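All remarks here apply to the structure that follows.
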Amino acid sequence: GQSRFNVENRVGGDAPLTALGCEYARRLAVAVHDRFGDGDELDVWTSTLRRTIQTAEPLGLPAGQWRALDEIDAGDCDGLTYDEIRAQRPDEWNARMADKLRYRYPRGESYEDVIQRVDRVIIELERYKTPVLVIAHRAILRALYGYFVQVPREDVPYAPFPLHTVVKLMPTAYGCVEEREKLGPDVGDER
Ligand code: G3H
């Protein structure tokens, strides 16, 4: 769900959902209950950050919180807007533009770090025979998606993960079949 920081174009933080983000959370709950009934068969995982916990709330299901699903750590840039990073830390900005996969925020993480960090989540997901709903953050979902859909590593930081969209991955003998469902509301965020 959209958070206040999404609207302000800020990285990191622990902002709450906006009204539109709350509306998405309600739509998600309806979609999940339509598909999974009372949800007995479904596991729900969030990060430890407010926006994912709030997104799960209307489901009314127990949700496991994973620190390993927390957003990429933006280190010293946490809380800055992208424009502020470009203006105040041009070297950092340029380094990230040049190599988004390997660029590590000062005192924070890189996408490569995140890919390593979600390893334990992937190991757990691989063990599941029943569906798991993962409510996390763009960088984290890119890393999980990259593994299951076999996205070339260099492309992982750019995999499209728009807000208010459910990405369904169904394992088959030949890899994952993917379906996307835009639940809205549309917030014009197609990254
Ligand atoms: O706040 C970070 C986003 O989730 C990922 O955005 O494309 O700047 O890595 P990014």
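Order of listing sets the numbers, starting from 1, for every ligand and every atom in it. Since this is a predicted model, take the numbers as computed values, not measurements.
For ligand 1, the polar-atom distance check finds no N/O of Arg10 at less than 3.5 Å from any of the ligand's N/O atoms.
Of all the heavy atoms of Tyr82, the ones lying under 4.0 Å from any atom of ligand 1 belong exclusively to the side chain. With a 4.0 Å cut-off on non-hydrogen atoms, Arg138 touches ligand 1 through its backbone as well as its side chain. Contacts with ligand 1 closer than 4.0 Å are made by side-chain heavy atoms of Arg96 only, the backbone lying farther away.
When each atom of ligand 1 is checked for a heavy atom of Tyr111 under 4.0 Å away, the hits are 5 (C), 7 (O), 9 (O), 10 (P). The Ala139 neighbourhood of ligand 1 comprises atoms 4 (O), with distances under 4.0 Å to a heavy atom of that residue. Residue contact check: Lys100 has heavy atoms under 4.0 Å from atoms 7 (O), 9 (O), 10 (P) of ligand 1.
The closest approach between any non-hydrogen atom of Glu71 and ligand 1 is below 4.0 Å.
Side-chain atoms of Thr18 and Gln2 form a donor-acceptor pair, as typed in the model, at a separation below 3.5 Å. A side-chain donor from one of Tyr147 and Glu126 sits under 3.5 Å from a side-chain acceptor of the other. Using modelled atom types, one finds no donor on one side chain facing an acceptor on the other under 3.5 Å when comparing Thr81 with Asn9.
Annotation: ring pair (Phe, Tyr, Trp, His ring centres under 6.0 Å) contacts involving residues 57-94, sequence neighbours excluded, comprise Trp45-Trp66.
Ion pair Lys168/Glu181 flagged as a salt bridge, since at least one NZ, NE, NH1 or NH2 atom sits closer than 4.0 Å to an Asp/Glu carboxylate oxygen. With salt bridges taken as basic N to acidic carboxylate O contacts below 4.0 Å, one links Arg10 and Glu84.
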